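A short worksheet on the structure shown next.
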Protein chains: 2
Amino acid sequence: MRSTKEKILDTSIALFNERGLVNVSIRDIANELGISPGNLTYHFKNKSNIINDIYERIVGERISLASQVKLIPSFANINAMLEPLLELFEKYRFFYLDILEVRRAYPEIAGKHQSHINFQIDFIKAQIDYSVESGNMVPEPSRGFYARMAHTVWLILSFWMNQQIIRGKEDADFNTARTSMWDMVTPLLTEKGKANFGITPLNQKIDKP
Amino acid sequence: MRSTKEKILDTSIALFNERGLVNVSIRDIANELGISPGNLTYHFKNKSNIINDIYERIVGERISLASQVKLIPSFANINAMLEPLLELFEKYRFFYLDILEVRRAYPEIAGKHQSHINFQIDFIKAQIDYSVESGNMVPEPSRGFYARMAHTVWLILSFWMNQQIIRGKEDADFNTARTSMWDMVTPLLTEKGKANFGITPLNQKIDKP
DNA sequence: GTCTATAGAGTGATAGAC
DNA sequence: GTCTATCACTCTATAGAC
């Protein structure tokens, strides 16, 4: 039996995802849940506390994901790693879509999230570095090239849902996001890299059920 | 002498850029301008009318930009073309940053904007196609590669400001956006392309004053 | 824990005087 | 065109009964 507090969080996430953070009031959440606004504010003094708890959830799931990461960053493992990450983006869609408003209204959360972003970009850079060291990718063609590539890869993944919505596409179509990401990598593969690549990520496209 | 109507638009843009679309009320705009709310609603019946007029401005400036485009899509011309486009992004920052909220609250504008986005991506794709035809870029390495590249280039440029803000960077740093964009192109250059490229975009980085 | 009732601030939009 | 005054509404947050 889920507690009222947990039910409030679940309903909040659902409504935020549906209507956007700024368009959901305490009242809306209470109505949707069938409880009184007074009851809701008993559990969460204000909206900021709700957002904070949701962010804690996101962080928790992120950490759980990170702990499952395969240690060997082969192309196949990297590709497989993307799946749960993209699912997380979708599950807490509103947070990533309305992140600018989160930043304006709840700067403390934005600060925490910022360090997480840096961690992610560094992580991607480390995968590229490993691929270069293991002879799968060529040395960077110009200074800072792979640092920028890591950044761009992060940007593609992070803003993919965003651009889909703006372009009026119903489906998140993460397969194309994934392909676009690998498109950045393939021109930089060595012969060895091509051989290793051919048998892995492209064959691992995961179709939505 | 600017009319009150024009002054309202100028002030609205400034406040929207500063605080975000949803955090600026009719009252705020009137106060900032030193006129009464009643006067403002005389000129603009509601907020939606203000946004609409601002979007007309954006479209107007876009058209004016498009008319100045150099017909020959050399790398140098493409690079030069980016400058005024990125300036437009900054001038009407709020529109591009809060585009999702614009979409939710003013769907008609979102619809118009959507066709413009498609036009932009098609335009980028045409530049790439020309580069391939003129022997500066290699034929696409896999089916749909250049279509995805055009899309990704658009994504980088469109969400650059967004990501800078989320990452807590004060400066928009469009030079890095530009370099990241060319990074996508350089691995696909032919020998001829490299020769043509070397003497153009990289030497055209424009520093902010 | 949960409810009802309400205070207090902010919102868009209108009426009517000048 | 511009003002003041105000209505009707929504929001968060609190008080107090059960």
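Numbers restart at 1 for each chain; the letters A, B, ... are given by sequence-line order, proteins then strands. The model shown is predicted, which means the values in this text are computed figures rather than measured ones.
Note: CD1 (Ile26(A)) to C1' (dA7(C)) measures 17 Å, nearest angstrom. For Ile35(A) and dT4(C), the CD1 to P distance is 11 Å, given to the nearest whole Å. As a whole-Å value, the separation of Glu6(B) CD from dG1(D) C1' is 16 Å. Atom pair Ile29(A):CD1 and dT10(D):C1' shows a separation of 15 Å (rounding to whole Å applied). Between Ile8(A) atom CD1 and dG1(C) atom C1' the separation is 11 Å, expressed in whole Å. Counting to the nearest Å, the C1' atom of dT11(C) and the CG atom of Asn23(B) are 13 Å from each other. Rounded to an integer number of Å, the gap from CZ of Phe44(B) to P of dT11(C) is 19 Å. Straight-line distance from the CG atom of Asn31(A) to the P atom of dT10(D): 12 Å, rounded to whole Å.
Under 4.0 Å is where a charged nitrogen must lie from a carboxylate oxygen, and between Asp183(B) and Arg178(B) no such pair does. Look at Arg93(B) and Glu90(B) and you find no salt bridge, because none of the NZ, NE, NH1 or NH2 atoms lies under 4.0 Å from a carboxylate O. Salt-bridge annotation for Asp98(B) and Arg104(B): absent, with no side-chain N of the basic residue lying under 4.0 Å from a carboxylate O of the acidic one. Ion pairing between Lys125(B) and Asp129(B) holds under the 4.0 Å rule for side-chain N and carboxylate O.
Put simply, Tyr42(A) has a side-chain N or O that comes within less than 4.0 Å of OP1 or OP2 on dG1(C). At the phosphate of dC3(D), OP1 or OP2 sits under 4.0 Å from a side-chain N or O atom of Asn39(B). Close to dG12(C), at under 4.0 Å from its OP1 or OP2, lies no side-chain N or O of Thr41(B). Taking only side-chain nitrogens and oxygens, Lys45(B) comes nearer than 4.0 Å to OP1 or OP2 of dT14(C). Distances shown here put every side-chain N or O of Lys47(A) at or beyond 4.0 Å from the OP1 or OP2 atom of dA13(D).
Results of the side-chain hydrogen bond (donor to acceptor under 3.5 Å, both in side chains) test with Tyr92(B) over Glu87(B), Arg57(B), Glu61(B) single out Glu61(B) as the only residue that passes.
The side chain of Asp28(B) approaches dT11(C) more closely than any other nucleotide in the set dT11(C), dT2(D), dA13(D).
Backbone-only engagement by Ser25(A) is indicated by non-hydrogen atom pairs under 4.0 Å involving sugar-phosphate atoms exclusively.
Within 3.5 Å, a donor on the side chain of Arg27(B) pairs with an acceptor on the base of dG12(C), or the reverse.
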